[in-house]
2 protein chains.
Amino acid sequence: MTKPGLDAAELGAYFALMDVSSLLQHAIEQQLRSAGELTNVQFKILMRLLEASDGQLRMTDLADSLVVSRSGLTYQAGLLEKAGLITRTPSPDDERSTTLGLTAAGRERIAAVLPGHVDVVRQLLLDPLTRDDLGALADLLTRVRDHMRAAPPRSAAQRARKRADS
Amino acid sequence: MTKPGLDAAELGAYFALMDVSSLLQHAIEQQLRSAGELTNVQFKILMRLLEASDGQLRMTDLADSLVVSRSGLTYQAGLLEKAGLITRTPSPDDERSTTLGLTAAGRERIAAVLPGHVDVVRQLLLDPLTRDDLGALADLLTRVRDHMRAAPPRSAAQRARKRADS
DNA sequence: TATTGTTATACTCTATAACTATA
DNA sequence: TATAGTTATAGAGTATAACAATA
């Protein structure tokens, strides 16, 4: 009678995951806003650029990576460019693509925000975990993420739907 | 030089957590919209009410539990009430409080949406995990959540700030 | 005086669809 | 013909602050 098809362990993992992520997300959002006038999404964009091997990323790849629509990313990238934190230049190999890159100001902004950001992550997420716990958690979640990413990304769904319509 | 204060294991757990939750959240959002005209937040409200021992919850408690502002919850509760899925009645013991309750239609809506919802959670989150993995994940995340919830909730932060201002 | 909930307001973000340009 | 990115549009959701009612 309206019993969910998930048992206690499954439900526990699922709910705990969602609770933890939203609690953490809100705390992060708050810190980023007060420390550096950044949205969580904007911060993630900057971080991905910082991580990228050559410091450059294509729009579509970034959109899929951040689980955002391409138009949404265009909006955010516009804000970041206006703020002088990133650059947008047409890709040399494919003229259709736009390549994002970090500016010096972008790097500085990250440096300004990161310490406080790390503190929040430490206090909320990392503190209650032992070193072993941490490894176990990273392993489990990485496997889940890889599994999830095996499905076609957001940007492909639109193309597929469009094709089916015609 | 601008190195984050987190090592590879910490960063891995943190990023994997955020990636997994946003991937899952987007998939859920999509399913709920197409299956039953519900937002993720609205679905969560209904689920908490279903879970609640007596099927009733106070606004402030629910807001804290869902990590949403009270005004935001008022907005969502208004929509759900207008849709006939929940009831809002003044609490008997404290006239200031509003008690939320599920209607029969609310229960039906949950029943209609839940199977598809469970499928999504299964396919994306649960499938790649063994039974042991699941228990470990639930244990780790539950501990983190309890730790996070030990801090004062959202609704208390406003009161504290207000007091400090005066 | 503190707390509960609502409201008024303003704003941020997001996505869909249409469009341009390049492959 | 398909893909990359932008834009125009429109809507949904959120939070802050002020307010009313109750404790």
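Just so it is clear: chains get the letters A, B, ... in the order the sequence lines come, proteins before strands, and each one is counted from 1.
- Closest to the side chain of A/Val41, out of D/dT7, C/dG5, C/dT14, is C/dT14.
- Inter-residue side-chain proximity for B/Arg58 and B/Ser97 is flagged as met; some heavy-atom pair is nearer than 4.5 Å.
- Distance check: A/Lys44 NZ to A/Asn40 CG gives 4.5 Å after rounding to the nearest 0.5 Å.
- Of all nucleotides listed (D/dT14, C/dT14, D/dT7), C/dT14 comes nearest to the side chain of A/Gln76.
- The A/Val68 side chain lies nearest to C/dA15 when the options are C/dT6, D/dG5, C/dA15.
- Remark: C1' of C/dC13 and CD1 of A/Ile45 are 12 Å apart, rounded to the nearest angstrom.
- Hydrophobic clustering (side-chain heavy atoms under 4.5 Å, transitive across Ile, Leu, Val, Met, Phe, Trp, Tyr) groups A/Met18 together with B/Val120.
- As rounded to whole Å, 9 Å separates atom C1' of C/dT14 from atom OH of A/Tyr75.
- At whole-Å resolution of the value, NZ in A/Lys82 and P in C/dT12 are 11 Å apart.
- The distance between atom CG of B/Leu73 and atom P of D/dA15, rounded to the nearest whole Å, is 10 Å.
- Residue B/Glu95 contributes atom CD, which lies 8 Å from atom C1' of D/dT22 at whole-angstrom precision.
- Toward the 5′ end of DNA chain D lies the nearest nucleotide of A/Asp61, the other residue of the pair B/Asp94 and A/Asp61 mapping further downstream.
- The base of C/dG5 lies close enough to the side chain of B/Arg70 for a donor and an acceptor atom to sit less than 3.5 Å apart.
- Between the CD atom of A/Glu81 and the C1' atom of D/dG5 there is a distance of 13 Å, given to the nearest Å.
- At least one side-chain heavy atom of A/Thr98 sits under 4.5 Å from a side-chain heavy atom of A/Leu100.
- Residue B/Arg88 is in sugar-phosphate contact alone, with no base atom involved, counting any heavy-atom pair closer than 4.0 Å across all strands shown.
- Within the structure, every side-chain polar atom (N or O) of A/Ser71 is placed at least 4.0 Å from both OP1 and OP2 of D/dT7.
- Contact annotation for B/Ser97: backbone-only contact, meaning every heavy-atom pair under 4.0 Å involves sugar-phosphate atoms and none involves a base.
- Residue pairs satisfying the ring-ring contact (aromatic ring centres under 6.0 Å, His included) criterion with at least one member in residues 114-150 of chain B, sequence neighbours excluded, are listed as follows: A/Tyr14-B/His117, B/Phe43-B/His117.
- Residue A/Thr39 places at least one side-chain N or O under 4.0 Å from the OP1 or OP2 atom of C/dC13.
- The phosphate of C/dT4 (OP1 or OP2) has a side-chain N or O of B/Arg58 nearer than 4.0 angstrom.
- The base of D/dT6 lies outside donor-acceptor range of the side chain of A/Thr98, with no N or O pair under 3.5 Å.
- Between B/Arg145 and A/Asp19 there is a salt bridge, with a side-chain nitrogen of the basic residue lying less than 4.0 Å from a carboxylate oxygen of the acidic one.
- Heavy atoms of B/Ser91 sit nowhere under 4.0 angstrom from any nucleic acid atom.
- Looking at the side chain of A/Met59, the nearest of the listed nucleotides D/dA15, D/dA23, D/dG5 is D/dG5.
- The interatomic distance linking B/Asp64 (CG) with C/dG5 (P) rounds to 10 Å, in whole Å.
- The nucleotide whose nearest atom lies closest to any side-chain atom of B/Arg96 is, among D/dG5, D/dT22, D/dT16, D/dT22.
- Separating the CD atom of B/Gln25 from the P atom of D/dG13 is a distance of 13 Å, rounded to the nearest angstrom.
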